[in-house]
There are 2 protein chains.
Amino acid sequence: MASDAQPAPAKQPVTLREVAALAGVSVATASKALNGQGRMTAETRTRIRETAQRLGFRPNSLAQSLLRRRSFTVGLLTNDTYGRFSLPLMAGVSDALVDAGVSVFLCNVEDDPRLAQLHVDAMLDKRVDGIIATGKRIDRHLPVDLANLGIPAIYAFTEPDPNAIAFVSDDAGGARLAVEHFCRLGRRRIAHVSGPASFAVVHARAEAYRAVLAENGLPVMEPLLGYWSEAWGHEAVKTLFDGEGFDGTREKPDAVFCGNDQIARGVIDALRERGIGVPDEVGVIGFDNWQIVAEATRPPLTSVDMNLAALGREAGLALLSLVGGEPALPGIRKLPCRLVVRQSCGRPPDG
Amino acid sequence: MASDAQPAPAKQPVTLREVAALAGVSVATASKALNGQGRMTAETRTRIRETAQRLGFRPNSLAQSLLRRRSFTVGLLTNDTYGRFSLPLMAGVSDALVDAGVSVFLCNVEDDPRLAQLHVDAMLDKRVDGIIATGKRIDRHLPVDLANLGIPAIYAFTEPDPNAIAFVSDDAGGARLAVEHFCRLGRRRIAHVSGPASFAVVHARAEAYRAVLAENGLPVMEPLLGYWSEAWGHEAVKTLFDGEGFDGTREKPDAVFCGNDQIARGVIDALRERGIGVPDEVGVIGFDNWQIVAEATRPPLTSVDMNLAALGREAGLALLSLVGGEPALPGIRKLPCRLVVRQSCGRPPDG
DNA sequence: CTCCCTTGAGAAAACCTTTTCCCAAGTCGC
DNA sequence: GCGACTTGGGAAAAGGTTTTCTCAAGGGAG
């Protein structure tokens with residue numbers, strides 16, 4: 001026989017109709033009882049609730065969505081294949097939304113416009129309440145236009161045009177954090193090695209680097225722009241220590257602020273090979289706080305953390321309020337970074 | 001006025017009813033026309049199709065799902081926070097499903113049973129067609145039971161009980177690939193440095209390592225088990241080169257097969273610091289083929305790739321056929337790894 | 001000229017829930 | 001004792017689509 005003592009393998013989900021029938025009421029009343037709406041005796045309400053509980057009733061979200069015109073789903077579009085940036089961000093988004101019962105479709109669209117359109121269409125068909133777009137790097141845009149989709153769109157860690165809503169890390173602020181930390185530690189010859197000039201963040205950070213040095217009356221060395229790789233970090237060390245040095249004084253750096261953790265790692269490895277002590281002779285600070293790299297570096301790498309999870313959380317909350325109909329001004333919100341101090345930057349001279 | 005020349009900002013999505021009205025037919029006929037069902041004159045069909053096209057009609061997936069009892073969504077559950085393994089896998093899953101119009105909810109549940117249950121419930125409410133579960137490592141299970149959910153579940157890169165359906169990488173095969181490659185290159189003293197003994201894959205790979213050496217009549221050194229970190233790679237090199245060596249012969253290794261790329265990187269760095277040439281004196285092969293690490297290693301690291309994207313694709317296709325009602329035998333399917341040869345393993349002596 | 005069959009298309013039910021409107025019975029005030 | 005109001009609960013529509021059933025018209029066979 002089909003009846004056994006098991007706790008019901010939930011073959012077909014229980015519907016409200018069944019709950020209502022078993023509780024001896026109409027579906028309308030059952031619905032109201034479960035949603036705390038309508039008027040009925042307390043006895044009726046509890047009876048219905050208990051019946052629902054006993055049957056393990058869970059409302060069909062599809063039916064609800066159809067009626068409410070709200071699916072309680074959002075799409076997260078990314079072109080960050082390895083998830084270096086998008087996964088922490090996604091964690092934040094998810095965290096902000098899960099309590100509202102909102103689930104997230106993750107779509108990796110690489111840089112393929114056709115694939116991007118395919119995913120966007122699929123999400124539109126599924127009536128997502130909104131879309132969050134994120135990119136590998138702040139100015140590497142997605143190959144698809146999210147305006148005029150008829151649903152709210154929020155950008156995170158990527159800046160489209162200025163009349164969209166975007167959340168990005170405050171890269172200039174992050175750079176300040178790093179360089180000012182070096183200043184406080186008494187470093188006086190601070191160099192900057194960063195990624196390609198084609199990235200907007202490279203310039204934002206370089207500007208901040210220059211500004212902080214100027215404020216502290218320290219000499220500036222023209223930032224070395226190259227690639228986001230360890231190999232470039234190695235190469236940059238050659239230039240830094242075999243080259244001209246600062247301001248014609250031929251002084252060598254006692255600190256290097258790097259554009260990301262991979263560059264920083266390359267720099268540290270190259271310094272070690274030259275017999276230059278980190279952090280004693282030269283301090284190094286990275287950017288991104290990619291834990292797995294920062295902690296494996298010897299010594300462990302001090303790095304600027306962009307708080308991607310917080311960024312994702314903010315983006316999620318903003319989308320939620322947008323979906324809820326609250327108005328929001330377009331614009332770009334910069335969220336502060338934080339410095340995660342490990343051992344590569346050194347300690348204050350006096351302890 | 002509300003009418004302007006813009007290409008219609010699609011405020012409210014177009015419904016089938018509107019298409020039908022404009023084409024002068026009933027919704028039933030419109031539906032059939034668009035789905036290639038029913039019978040009607042070719043003229044009617046094309047007229048309806050053109051109307052739909054012109055209005056930019058896209059069927060409401062929610063309504064379809066409600067009726068078909070199929071939502072064209074699946075959930076991907078993971079506890080891999082940084083997405084090292086789950087993102088490539090997800091890419092494969094997504095790739096397998098996107099053409100079927102299926103979207104993927106990504107849920108990172110960390111190791112929190114409460115959070116896991118929350119996500120599973122949310123997905124059940126949304127009537128996902130199935131669930132794919134994946135873990136950080138093959139034997140690090142999710143803190144939630146996916147049996148008896150009433151929908152198909154597939155495991156990828158994680159093995160639950162043997163009467164589930166799981167796709168995992170053939171770790172033993174991958175290890176064979178690496179060790180046999182060393183043998184072909186003429187290496188004779190092949191050591192193995194791997195992760196913690198608490199991981200099943202560590203033993204699977206170690207077994208294969210022993211087997212291949214035995215088959216080739218080469219001496220076995222007891223595998224060194226430790227951690228999945230660079231630091232452990234460093235430490236292991238001490239043991240390998242300051243210790244007993246092979247079989248009391250006190251011979252030192254001329255090759256090291258590592259349990260992952262981070263260990264391999266640590267080993268290579270430590271060898272360089274000892275002045276031991278890689279690959280000339282000692283060859284090194286890693287596992288995971290974590291591109292960003294493997295390519296940054298000097299020299300670039302030869303590594304075993306678990307084909308996670310392929311794994312994801314297989315899992316996605318399997319789930320699809322399960323959802324389609326096709327029966328599938330429970331069991332664990334192992335998918336082959338492949339060796340990605342870079343420079344750390346050396347070339348054939350006469351090559 | 002009938003009868004049957006085919007063709008083309010529409011009506012309606014179904015999926016599941018929410019919400020508005022409605023009604024019957026009871027209660028209160030005067 | 002009567003009107004007005006409250007209370008408890010149900011009927012029905014709505015959301016957008018698919019599918020089954022139904023039906024009218026037309027065509028061919030006898």
Side-chain angles (χ1 to χ4, degrees), chain A residues 10-49 51-52 55-73 101 122 124-129 150, chain B residues 10-49 51-52 55-73 101 122 124-129 150:
Chain A
K11 217 58 226 159
Q12 294 285 60
V14 181
T15 70
L16 186 60
R17 191 203 307 266
E18 300 174 58
V19 174
L22 221 76
V25 295
S26 71
V27 285
T29 305
S31 172
K32 283 179 281 197
L34 297 175
N35 294 315
Q37 304 290 318
R39 289 175 314 197
M40 68 200 68
T41 54
E43 190 276 327
T44 305
R45 199 179 288 272
T46 51
R47 177 164 41 91
I48 295 172
R49 288 201 165 144
T51 310
L55 263 47
F57 169 76
R58 313 213 85 220
N60 185 329
S61 186
L62 296 170
Q64 292 182 319
S65 301
L66 193 57
L67 206 52
R68 294 184 178 157
R69 304 187 139 83
R70 180 102 209 269
S71 66
F72 292 89
T73 59
L124 250 27
D125 290 350
K126 281 166 186 129
R127 297 303 189 264
V128 292
D129 298 330
Chain B
K11 219 56 226 163
Q12 293 285 58
V14 180
T15 69
L16 186 59
R17 191 203 308 268
E18 300 174 57
V19 174
L22 222 76
V25 295
S26 70
V27 286
T29 305
S31 171
K32 282 179 284 197
L34 297 175
N35 294 314
Q37 303 291 318
R39 289 177 312 195
M40 65 198 69
T41 52
E43 190 276 327
T44 305
R45 200 179 288 272
T46 52
R47 177 164 41 92
I48 296 172
R49 288 202 164 142
T51 310
L55 263 47
F57 169 76
R58 313 215 83 220
N60 185 328
S61 186
L62 259 27
Q64 292 182 318
S65 301
L66 192 57
L67 205 53
R68 293 185 180 158
R69 308 185 135 84
R70 186 129 165 11
S71 66
F72 292 90
T73 61
L124 250 27
D125 289 351
K126 282 168 184 127
R127 298 301 191 265
V128 293
D129 298 330

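The chains referred to below are lettered A, B, ... by the order of the sequence lines, with proteins before strands, and numbering in each begins at 1. Values reported hereafter were calculated over all heavy atoms of this structure, with side chains retained and with hydrogens, waters and symmetry mates removed.
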- Whole-Å distance, A:Asn35 CG to C:dC16 P, equals 17 Å
- For A:Arg45 and D:dG8, give me the distance from atom CZ to atom C1', rounded to whole Å. 11 Å
- Query: Whole-Å distance between C:dA14 P and A:Leu62 CG?
  - Reply: 20 Å
- Message: Heavy atoms only, 4.0 Å cut-off, all strands: where does A:Thr41 land among base, sugar-phosphate and nothing?
- Response: sugar-phosphate
- Message: Which nucleotide wins on minimum distance to the side chain of B:Asn60, given the candidates D:dT17, C:dT7, D:dA12?
- Response: D:dT17
- Keeping the roles fixed (side chain from B:Thr51, backbone from B:Arg47), state whether a donor-acceptor pair exists under 3.5 Å. yes
- Under 3.5 Å, is there a donor-acceptor pair between the side chain of B:Arg45 and the main chain of B:Lys32? yes
- Task: Dump the intermediate steps for side-chain contact (heavy atoms from CB on, under 4.5 Å) on A:Phe72 and B:Asp125, then the final yes or no.
- Result: CA-CA 11 Å; A:Phe72 292 89; B:Asp125 289 351; over 6 Å; no
- A:Val25 vs B:Thr29, nearer the 5' end of DNA chain D by closest nucleotide: A:Val25
- When you measure from the side chain of B:Arg49 to the backbone N and O of B:Ala33, does any donor-acceptor pair fall under 3.5 Å? yes
- Give a yes/no answer on whether the side chain of B:Arg39 brings an N or O atom under 4.0 Å of OP1 or OP2 in C:dT7. yes
- Examine C:dT19: is either OP1 or OP2 under 4.0 Å from a nitrogen or oxygen in the side chain of A:Ser31? Give yes or no. no
- Message: Considering every strand and a 4.0 Å limit on heavy-atom distances, what is the contact class for B:Thr15: base, sugar-phosphate, or nothing?
- Response: sugar-phosphate
- D:dG10, C:dT17, D:dG9: which one has an atom nearest the side-chain heavy atoms of A:Pro59? C:dT17
- What's the closest nucleotide to the A:Leu66 side chain, out of C:dT18, D:dG15, C:dA9? D:dG15
- Between C:dG8, C:dG10, C:dC15, which nucleotide gets closest to the side-chain atoms of B:Ser26? C:dG10
- Message: Counting only heavy atoms from other residues, nucleotides and ligands, does the tally under 6.0 Å from CZ of A:Arg17 exceed 12?
- Response: no
- Task: Would you indicate what B:Ser65 reaches in the nucleic acid, counting non-hydrogen atoms under 4.0 angstrom: base, sugar-phosphate, or nothing?
- Result: nothing
- Angle of first-five versus last-five pair axes in the helix from C:dC1-D:dG30 to C:dC30-D:dG1, to 10 degrees: 60°
- Query: Is any side-chain heavy atom of B:Thr73 less than 4.5 Å from a side-chain heavy atom of A:Thr73?
  - Reply: no
- Message: What is the distance, to the nearest angstrom, from the CE atom on B:Met40 to the P atom on D:dA25?
- Response: 20 Å
- Item | Rounded distance in Å - CG (B:Leu16) to C1' (D:dT19) | 13 Å
- Item | Among D:dG9, D:dT17, C:dA11, the one nearest B:Phe57 by side-chain distance | D:dT17
- Query: Counting only side-chain N and O atoms of A:Arg17, is one of them less than 4.0 Å from OP1 or OP2 of C:dT17?
  - Reply: no
- Could you tell me whether the side chain of B:Arg69 and the main chain of B:Leu66 form a donor-acceptor pair under 3.5 Å? no
- Find the distance B:Arg69:CZ to C:dA14:P and express it as a whole number of Å. 12 Å
- Hey, does the side-chain of A:Lys32 have a donor or acceptor N/O within less than 3.5 Å of a partner on the base of D:dG10? yes
- Message: Reading DNA chain C from 5' onward, which residue's closest nucleotide shows up sooner: A:Ser61 or B:Ala42?
- Response: B:Ala42
